[in-house]
Amino acid sequence: MKIGFIGLGNMGAPMAANLAKAGHEVTGFDMAPVEVAGVTRAASAAEAARGADVVVTMLPNGQILRAVAAEVIPAMTAGAALVDCSTVDVDSARAVAAEAEAAGLLAVDAPVSGGIGGAAAGTLTFMAGGSEAAFDKAKPLFDIMGQKAVHCGDAGAGQAAKICNNMILGVTMIATCEAFALADKLGLDRQKMFDVVSTSSGYSWTMNAYCPAPGVGPQSPADNGYKPGFAAELMLKDLRLSQQAAGSADADTPMGQLAEALYAQFVENEDGKGMDFSAMLPRFEKRGRE
Ligand code: NAD
């Protein structure tokens, strides 16, 4: 396939490289002067999109996605697909899909989980929203860049699945960290805490697979000085998107709201920026009850 790839950052560059390595003809564009192995550089987003069967975008936020979409949609050929893999707000995802469809294009919102490691290894999970035809067109590319693609529903459903998952993740990480900090103060050994909780009803992915306590459980960013991994500011971004969506859908999400406030405090007023999101544990460790 002829593929245009826009947004060659930490995630986009390895994803585009994997598409090229699999034999696709990839033309890429980024505002920053980046070179990606096997990817031809275009002078603009529109140039990267012109004549492409599929245009993939991997951009920082919904506002930038809307601006890029306004530029690439008129350059694309009817029947081609616009596949956005960025994490953006549900409203932007739906607006871009509507514009693309009005221009005779197929559209998929397909945010990912798996992080930079997953992007490089081609083991991402894609959560996709859009028509059956759009998903089918993008699926062979998902199979190269990832190991699993779930078609979640119509436009916006991929973003909805992503932010709901990450709202659970943020809330659960906080719960796991505050419980470890309480256990410390009660004189409970962390390894014993792990042994019990990881096989009891308090178990979760954050405890069992990504334990925030150094030296306990499987290898995780906690064992590497809390270097990300999944940075606290990216968790904050996703929690904000979840609360923005909850606001527009009139959903009551008190735990998500509190998780957003705690990560905002951690990232903006404490030392959380640049740390893994599991560094909530040392944060709680240092604090007392106010
Ligand atoms: P990044 O900042 O490394 O990459 C974004 C790229 O977009 C940059 O290279 C930037 O120059 C480029 N860009 C910005 N505006 C542009 C424009 N108008 N035209 C062309 N290029 C433009 O970010 P990233 O870590 O690659 O993340 C990309 C998306 O993936 C985000 O939405 C993020 O939330 C999501 N995501 C990231 C991770 C992760 O672990 N990094 C995991 C899952 C999802």
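Count residues from 1 along the sequence. Read the numbers this way: they start at 1 and go in the same order the structure lists the ligands and their atoms.
Asn166 places no side-chain N or O within donor-acceptor distance of the main-chain N or O of Leu169, the cut-off being under 3.5 Å.
Summarising the geometry of Asp223 relative to Ala213, their closest heavy-atom pair is OD1-O, 4.5 Å, with the distance given to 0.1 Å.
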Less than 3.5 Å apart, N/O on ligand 1 and N/O on the protein: could you list those pairs with the distances?
from: ligand 1; atom 1: 3 (O); to: Asn10; atom 2: N; distance (Å): 2.9
from: ligand 1; atom 1: 3 (O); to: Asn10; atom 2: ND2; distance (Å): 3.2
from: ligand 1; atom 1: 9 (O); to: Asp30; atom 2: OD1; distance (Å): 3.3
from: ligand 1; atom 1: 9 (O); to: Asp30; atom 2: OD2; distance (Å): 2.6
from: ligand 1; atom 1: 11 (O); to: Asp30; atom 2: OD1; distance (Å): 2.6
from: ligand 1; atom 1: 21 (N); to: Met31; atom 2: N; distance (Å): 3.4
from: ligand 1; atom 1: 26 (O); to: Asn10; atom 2: N; distance (Å): 3.3
from: ligand 1; atom 1: 26 (O); to: Met11; atom 2: N; distance (Å): 2.8
from: ligand 1; atom 1: 32 (O); to: Leu59; atom 2: O; distance (Å): 2.8
from: ligand 1; atom 1: 32 (O); to: Thr87; atom 2: N; distance (Å): 3.0
from: ligand 1; atom 1: 32 (O); to: Thr87; atom 2: O; distance (Å): 3.4
from: ligand 1; atom 1: 32 (O); to: Lys237; atom 2: NZ; distance (Å): 2.9
from: ligand 1; atom 1: 34 (O); to: Lys237; atom 2: NZ; distance (Å): 2.8

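Residue Thr77 holds its OG1 atom at 8.5 Å from NZ of Lys2, rounded to the nearest 0.5 Å. Separating the CD atom in Gln244 from the CD atom in Glu260 is a distance of 9.5 Å, to the nearest 0.5 Å.
Taking the six-membered ring where the residue is Trp, the centroids of Phe266 and Phe284 are separated by 6.0 Å or more.
By the side chain to side chain donor-acceptor pair (under 3.5 Å) test, Asp89 pairs with Ser92, sequence neighbours left out.
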